[in-house]
Amino acid sequence: MICLEIKKGQICGQRISQRLEELAEISETKNGVTRLSFTKEFQRGQDLVKKWMSDAGMKVRVDNLNNIIGRYEGAKPNAPALMIGSHLDTVINGGKYDGMLGVIAGIEIVQVLYENDTRLDHPIEVIGFSDEEGVRFHSTFLGSKAIAGTFSPQTLELTDETGITLASSLEELGLEPYQYKSAARHANDVLGYIELHIEQGPVLEKEGLPCGVVTGIAGASRFSFKVTGFAGHAGTVPLDLRRDALSGAAEIILAIEKLAKENAPIVATVGKLQVNPGASNVIPGEVTGTLDIRDTDAVRKSRVIDEILHVANTICQKRNLSFQVEKIMETDPTLCDANIIAAIESSILSNGMRTISLISGAGHDAMAMAELTKVGMIFVRCKEGISHNPAEFAAVKDIEMGAKVLLDTVIQLTVKNSNMEKEKVN
């Protein structure tokens, strides 16, 4: 473990928590936090974050996709920057920690360095991404894709519920959206990207741990499916002569659950069903539904999908039903960098905790940033795993511990890279 002596200011969980509370007050709704991208509420929140960044000794700028970037120069300003970040937008009636915690914790560690008059060899950049959730324009990771250089110009023509395009919403802020390429960063200028985030799941709480290291973000495969039988009178058709689409779908769903459990940590969810004709006295003739499957192992996920489709077809043949399926979405898994994982684990151990490896089933800006640079993630325990909900909560002591681990990880990575560069010269 590489140590850097911090003599004055220390990580303050209460300061992080207080700032999260202040940010949460800026919302379109009183029930939870609603702060959609490029709205007046978002801009007010961004202005507050700008002030905190500036107070922590950072030079602050906003790019043409409305990402806010605070840069704390290193002792070697031309060295590649280590990026820390997350998003500042929310879902509708969401919580006050999702995304925001990563940005405010990043500001906190820079503030500690600033208060101690300490500069690492590498610059530190804290980024508040403009749109991760995709609620307003129905396309996720807009800010991080712009920085990673993977932003699509067609996205600028997307419209919100009122018909306003993404491009016009950015122009209203005085930005130049068609100059989006200016937001892209070069891989040689970036050392890596670290994102601290609430877990949004129950594992850390179950294990009694304040934080853990993420090894990867699951890729997702999403399908729509249709089971077709024959509708008939509920009182006159004997059970052994029925072609009940809902009974077939139910058997398929249980088979999906069984296969997923046998291939953990893969997860599979049938989240939506529509039964037709949908009458209490009619045998269901058709069922349509959705299947969502997520895993960090693409090969395992593909194999399980094949097994699910085989079982579904077998069930339908046995029941004299037909089965149709269509893939509607595919995202690749993102694996975290081994060196960043090792640094996070070392930092966790040095803070007196045992390590635990976690997989993220939810998407994060780290997925987009992985197209630019190596990435790592730290998860912080949240109460009952609740997220995207006003009840979302992380305790101050857990927030403080997560930020301590983040600071120690940043120090490790920057010092280690500087030592490696010195060895190359020698």
Side-chain angles (χ1 to χ4, degrees), residues 2-23 26 43-63 66-88 99-130 143 147 183 185 189-196 343 347 365 369 373 376 378 396 399-418 421:
I2 300 166
C3 295
L4 185 85
E5 189 175 2
I6 302 295
K7 296 179 180 178
K8 298 178 183 177
Q10 302 282 342
I11 292 290
C12 178
Q14 192 60 51
R15 178 164 55 190
I16 299 172
S17 182
Q18 180 58 41
R19 286 177 169 177
L20 290 168
E21 293 292 335
E22 287 184 52
L23 201 51
I26 304 173
Q43 294 310 111
R44 285 175 55 208
Q46 195 179 65
D47 287 343
L48 190 56
V49 172
K50 284 181 186 177
K51 179 183 182 302
W52 292 333
M53 286 179 168
S54 181
D55 290 346
M58 286 183 264
K59 184 178 179 180
V60 185
R61 66 182 179 88
V62 177
D63 66 24
N66 206 34
N67 296 304
I68 181 171
I69 301 136
R71 182 178 173 99
Y72 185 70
E73 286 295 352
K76 300 177 180 178
N78 293 325
L82 182 59
M83 293 178 166
I84 303 164
S86 197
H87 58 97
L88 292 171
M100 280 63 72
L101 175 59
V103 181
I104 304 307
I107 295 172
E108 177 68 19
I109 72 161
V110 172
Q111 185 149 356
V112 169
L113 294 172
Y114 181 62
E115 289 172 353
N116 282 273
D117 196 24
T118 298
R119 292 191 183 272
L120 305 170
D121 280 351
H122 292 262
I124 306 297
E125 291 190 3
V126 180
I127 306 175
F129 293 112
S130 59
I147 288 178
R185 303 294 291 275
D189 296 332
V190 182
L191 180 62
Y193 170 79
I194 306 175
E195 185 166 353
L196 183 143
S347 299
D365 285 302
M369 293 298 286
T373 187
I378 300 165
V396 172
I399 288 172
E400 184 167 285
M401 184 56 73
K404 285 181 178 179
V405 169
L406 177 61
L407 175 59
D408 290 347
T409 300
V410 166
I411 292 169
Q412 277 200 78
L413 291 173
T414 53
V415 172
K416 180 179 180 181
N417 193 73
S418 294
E421 291 299 321

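From a predicted model like this one, the values you see are computed outputs, not experimental measurements.
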Could you go step by step and tell me if Thr373 and Leu191 meet the side chain to side chain contact (heavy atoms under 4.5 Å, CB included) rule? CA-CA 7 Å; Thr373 187; Leu191 180 62; over 6 Å; no
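- Looking at heavy atoms from C-beta onward, Val126 lies out of side-chain contact with Ile109 at the 4.5 angstrom threshold.
- In this view, Arg15 and Glu108, Glu115 satisfy the side-chain hydrogen bond (donor to acceptor under 3.5 Å, both in side chains) rule, not counting sequence neighbours.
- When the side chain to side chain contact (heavy atoms under 4.5 Å, CB included) test is applied to Ala79, the partners found at least two apart in sequence or on another chain are Lys76, His122, Pro123.
- Remark: Lys51 pairs with Asp55 by the side-chain hydrogen bond (donor to acceptor under 3.5 Å, both in side chains) rule, at least two apart or across chains.
- Separating the CD1 atom in Ile26 from the CG atom in Leu88 is a distance of 10.0 Å, to the nearest 0.5 Å.
- Every side-chain hydrogen bond (donor to acceptor under 3.5 Å, both in side chains) that Tyr193 has, sequence neighbours left out, goes to Glu195.
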Where do Met83 and Ile69 land on the side chain to side chain contact (heavy atoms under 4.5 Å, CB included) test, with the steps shown first? CA-CA 9 Å; Met83 293 178 166; Ile69 301 136; over 6 Å; no
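- Shortest non-hydrogen contact noted between Leu406 and Ile378 is CA-CD1, 3.8 Å.
- Between Thr118 and Val112 the shortest side-chain heavy-atom distance does not fall below 4.5 Å.
- Scanning for side-chain hydrogen bond (donor to acceptor under 3.5 Å, both in side chains) contacts around Glu125 gives Arg71, Arg185, with sequence neighbours left out.
- Two residues are said to be in side-chain contact when any heavy atoms from C-beta on lie closer than 4.5 Å; Ile194 and Leu413 meet this criterion.
- In plain terms, the two heavy atoms of Asn66 and Gln43 that are nearest each other are ND2-OE1, 2.8 Å.
- Looking only at distances, no side-chain donor or acceptor of Asp121 sits under 3.5 Å from a matching main-chain atom of Ala75.
- Within the 4.5 Å cutoff, side-chain heavy atoms of Arg19 are placed close to those of Ile107.
- Under the 3.5 Å distance criterion, the side-chain polar atoms of Ser17 are left unmatched by any main-chain donor or acceptor of Gly13.
- By the side chain to side chain contact (heavy atoms under 4.5 Å, CB included) test, Glu22 is found to be paired with Gln18, Leu48, Trp52, residues two or more places apart in sequence or in another chain being considered.
- Residues Asp365 and Ile127 form no side-chain contact, since every pair of their non-hydrogen atoms from C-beta on lies 4.5 Å or further apart.
- Residues Leu196 and Val405 have side chains not in contact (no heavy-atom distance under 4.5 Å, counting atoms from C-beta outward).
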Chi angles and distances behind the side chain to side chain contact (heavy atoms under 4.5 Å, CB included) call for Val103, Ile68: CA-CA 10 Å; Val103 181; Ile68 181 171; 5.9 Å; no
Give the intermediate values and the outcome of side chain to side chain contact (heavy atoms under 4.5 Å, CB included) for residues Glu400 and Ile16. CA-CA 8 Å; Glu400 184 167 285; Ile16 299 172; over 6 Å; no
